[in-house]
Amino acid sequence: MKYKSQKVAYWFFALCMLLFSLQIVYGFIMGFDRIGIQGLHEIIPFNVARAVHTNLLVVWLLTGFMGAAYYIIPEEAQRELISVKWAYVQLISLAIVGVVTIIGFHFNHWEGRKFLEIPRELDYLVVVNVLLFLFIILGTLFKGKRQTTTALVLSMGLFFAALLYIPGMIWFDSQVMDSFFRWWVVHLWVEGVWELIMGGILSFLLIKLTGVDREVIEKWLYVIVGLTFLSGVLGTGHHYYYIGVNKIWLIVGGIFSALEPLAFLAMALFAVNMYRKGEKSHPNKIALFWTIGSAIVSFVGAGLLGFAHTLPQTNLYTHGTLVTAMHAHYAFWGAYAMIVLAMISYALPNLTGRKRYESSQGMMAFWLSNIGILGMTVAFGVAGVAQVYMERKMKMDFMVVQSEISIHFVVLLICATMFTIGIGLFIFDFIKYGRLTDEALDTDNQGHRVDGYKIDGHVIENLTGTSEKKGKTVI
């Protein structure tokens, strides 16, 4: 940690872990519902648990992205945040909006639009909160000593994420128009601008963890940005197949959805190639595992599994089934959850001054959570294929099919338990790092602040962004 204002990121990460834990709890409530254990059904019906589960996913990931930005932007801009006080105000208001929303869901206070259930009055508070966040981030970047490609791509992703929230706030009496613009938020977030956020964080982490020159890594970012906009924008069409719009979207959605895996393939090749070029001497192996793992798993989950059922001829059968859940769980895990956990794993030792990345618990957290989520994905996939065959081909009743495939949710719950143990170990490690300390600030051997270099293990990066070896490591 080079700047004191970076400590704001810690509290965003802490809120992030809390919300993630709650999301897992509501996931288990749904899982037990699917196998007939419905003791909480009168208090938390399935539709409420589902709304809370999916909305918590969005909120904890956004919280993680914000924490990552508060850590990355000061280093990239080479100055403190323009206002630490307002950053904490933004954090508190974000937490309040989240709590009020979750409580409201339990009293059926929502809009009822899938993935955008948040009540309209809270939408305005979200807009104010995000505008405050952007003011702090963009103001810091504008006043900084430099504007790097990494910071600009990250900031662009965050800015467009805020801008694309607005179409979801427009009221339409037509269900077709409402669905059309609702996907501008949902799709263009997760398969568009969030990929830019992921790319920016991935670039920062690879610069820090591999020691490869910034110029080499940031050139790849241009490729990723280009592929994201080429495929992601018109790829929205695969959500328009059956909502009443013109049939041209069958062609546009099919073609550009087939191109969407290219952006994730570029990210996977980018990460692996930079790792192979790097020195592999950075001591924080856990952060490196999460970083490289994020790029690879996102290609499988978001790229390959997404492609597997988005072509019109296939989607005709898989649309609205558990095949979608298979793709969604592995895609969100690889593309966004893992990159947030990678950022936390990298930042915590620098924020607290404690090198807990050497613990075996962190590595167990990585493997248990990844094996668990892979098992969940397979369980969703098998259940989804069975559902498609019985429901769409054999024309069996929906509820009869749900009863027939309930056994797969037993397997899913077993895998989810393994996943939860892994995440529990990650959170335990987070807590064990302890509180923040100014001792974690970069200093030389005499205790003076190092202003000319960034410390990255055995690599010291100067202000121009190039790397050079030093005879001893500065701590």
Side-chain angles (χ1 to χ4, degrees), residues 11-66 89-130 165 168-171 175 178-179 182-183 185-186 189-190 320 322 324-325 328-329 332-333 336-337 340 373 376 380 398-399 402 406 409 412-413 416-417 419-420 423-424 427:
W11 299 107
F12 276 84
F13 293 150
L15 177 61
C16 181
M17 292 293 94
L18 175 61
L19 297 175
F20 189 14
S21 302
L22 285 174
Q23 189 211 359
I24 292 173
V25 169
Y26 280 86
F28 271 104
I29 291 173
M30 287 191 292
F32 284 119
D33 252 357
R34 298 300 292 259
I35 63 174
I37 300 176
Q38 299 177 316
L40 292 174
H41 187 73
E42 295 300 320
I43 305 171
I44 308 175
F46 186 88
N47 66 315
V48 172
R50 185 183 186 278
V52 174
H53 183 72
T54 54
N55 281 268
L56 278 173
L57 170 68
V58 174
V59 176
W60 86 254
L61 288 176
L62 282 175
T63 305
F65 291 157
M66 290 174 176
V89 170
Q90 189 248 319
L91 170 65
I92 294 169
S93 63
L94 180 66
I96 291 172
V97 169
V99 169
V100 172
T101 300
I102 292 170
I103 293 174
F105 285 173
H106 289 79
F107 293 93
N108 294 321
H109 183 54
W110 48 22
E111 285 198 6
R113 302 163 70 215
K114 191 166 64 172
F115 306 126
L116 296 177
E117 288 94 345
I118 183 171
R120 181 53 52 93
E121 59 270 20
L122 291 179
D123 272 337
Y124 298 110
L125 292 178
V126 170
V127 170
V128 172
N129 183 276
V130 174
Y165 190 74
M169 297 175 62
I170 303 172
W171 181 264
Q175 180 67 44
D178 182 77
S179 293
R182 185 173 65 87
W183 288 113
V185 186
V186 180
W189 264 19
V190 301
L322 291 168
T324 305
H329 278 76
F332 269 103
W333 170 249
Y336 306 123
V340 170
I373 195 71
M376 292 168 62
F380 271 125
F398 176 82
M399 292 307 297
Q402 298 308 305
S406 62
F409 284 89
L412 187 141
L413 285 168
T417 301
F419 173 80
T420 303
I423 298 303
I427 295 173

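- Nearest approach of Cys16 to Thr63, heavy atoms of both residues: N-CG2, 4.0 Å.
- The aromatic ring centroids of Phe380 and His329 lie less than 6.0 Å from each other.
- More than 12 non-hydrogen atoms from other residues, nucleotides or ligands lie less than 6.0 angstrom from CD of Glu121.
- Nearest heavy atoms, Phe115 versus Asn55: O-OD1, 3.9 Å.
- Of all non-hydrogen atoms in Gly168 and Val185, the two that sit nearest each other are N-CG2, 3.3 Å.
- Nearest heavy-atom pair, Val340 versus Gly64, reported as atom, atom and distance to 0.1 Å: CG1-CA, 3.9 Å.
- Within the 4.5 Å cutoff, the side chain of Val58 has no heavy atoms near those of the Val190 side chain.
- Among residues two or more places apart in sequence or in another chain, the side-chain contact (heavy atoms from CB on, under 4.5 Å) test is passed with Ile96 by Ile92, Val100.
- Using a 4.5 Å cut-off on side-chain heavy atoms (C-beta onward), Ile118 and Val97 make contact.
- Within the model, atoms OG1 of Thr420 and CG of Leu413 stand 9.5 Å from one another, a figure rounded to the nearest 0.5 Å.
- Considering only heavy atoms from C-beta on, Arg34 stays 4.5 Å or farther from Ser406 through its side chain.
- In this structure, the side chains of His106 and Val52 come closer than 4.5 Å at one or more pairs of heavy atoms.
- Looking at heavy atoms from C-beta onward, Phe32 lies out of side-chain contact with Leu40 at the 4.5 angstrom threshold.
- Ala95 is linked by a side-chain contact (heavy atoms from CB on, under 4.5 Å) to Leu15, counting only residues two or more places apart in sequence or in another chain.
- Legend: residues meeting side chain to side chain donor-acceptor pair (under 3.5 Å) with Ser93, ordered by chain and number and at least two apart, are Asn129.
- Using cut-offs of 30° and 60° on the angle between ring planes, the pair Trp110 and Phe105 is tilted.
- The shortest side-chain heavy-atom distance between Phe65 and Phe12 does not fall under the 4.5 Å cut-off.
- Rounding to the nearest 0.5 Å places CG of Leu116 at 6.5 Å from CZ of Arg182.
- Residues satisfying the side-chain contact (heavy atoms from CB on, under 4.5 Å) test with Ile170, not counting sequence neighbours, are Phe172.
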Point to revise | side-chain contact (heavy atoms from CB on, under 4.5 Å) between Met66 and Leu94, worked out | key: CA-CA 11 Å; Met66 290 174 176; Leu94 180 66; 3.9 Å; yes
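- Taking CE from Met17 and CD1 from Ile427, the interatomic distance works out to 6.0 Å, rounded to the nearest 0.5 Å.
- For Phe20 and His53, the distance between ring centers is not under 6.0 angstrom.
- A 4.5 Å side-chain heavy-atom check between Trp60 and Leu18 finds every atom pair outside the cut-off.
- Separating the CG atom in Leu22 from the CG atom in Leu56 is a distance of 6.0 Å, to the nearest 0.5 Å.
- Within the structure, the salt bridge (Lys or Arg N to Asp or Glu O under 4.0 Å) test picks out the following pairs touching residues 94-118 (sequence neighbours left out): Glu111-Arg113, Glu111-Arg120, Arg113-Asp178.
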Practice item. Report the C-alpha distance between Met169 and Tyr124 in whole Å, list the side-chain angles of each, state the deciding distance to 0.1 Å, and finish with yes or no for side-chain contact (heavy atoms from CB on, under 4.5 Å). Key: CA-CA 9 Å; Met169 297 175 62; Tyr124 298 110; 3.6 Å; yes
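- Between Phe419 and Trp333, the distance separating the two ring centers is shorter than 6.0 angstrom.
- Distance alone, capped at 3.5 Å, places no donor-acceptor pair between the Tyr26 side chain and the Thr54 backbone.
- When the salt bridge (charged side-chain N to carboxylate O under 4.0 Å, His left out) test is applied to Asp33, no partner is found at least two apart in sequence or on another chain.
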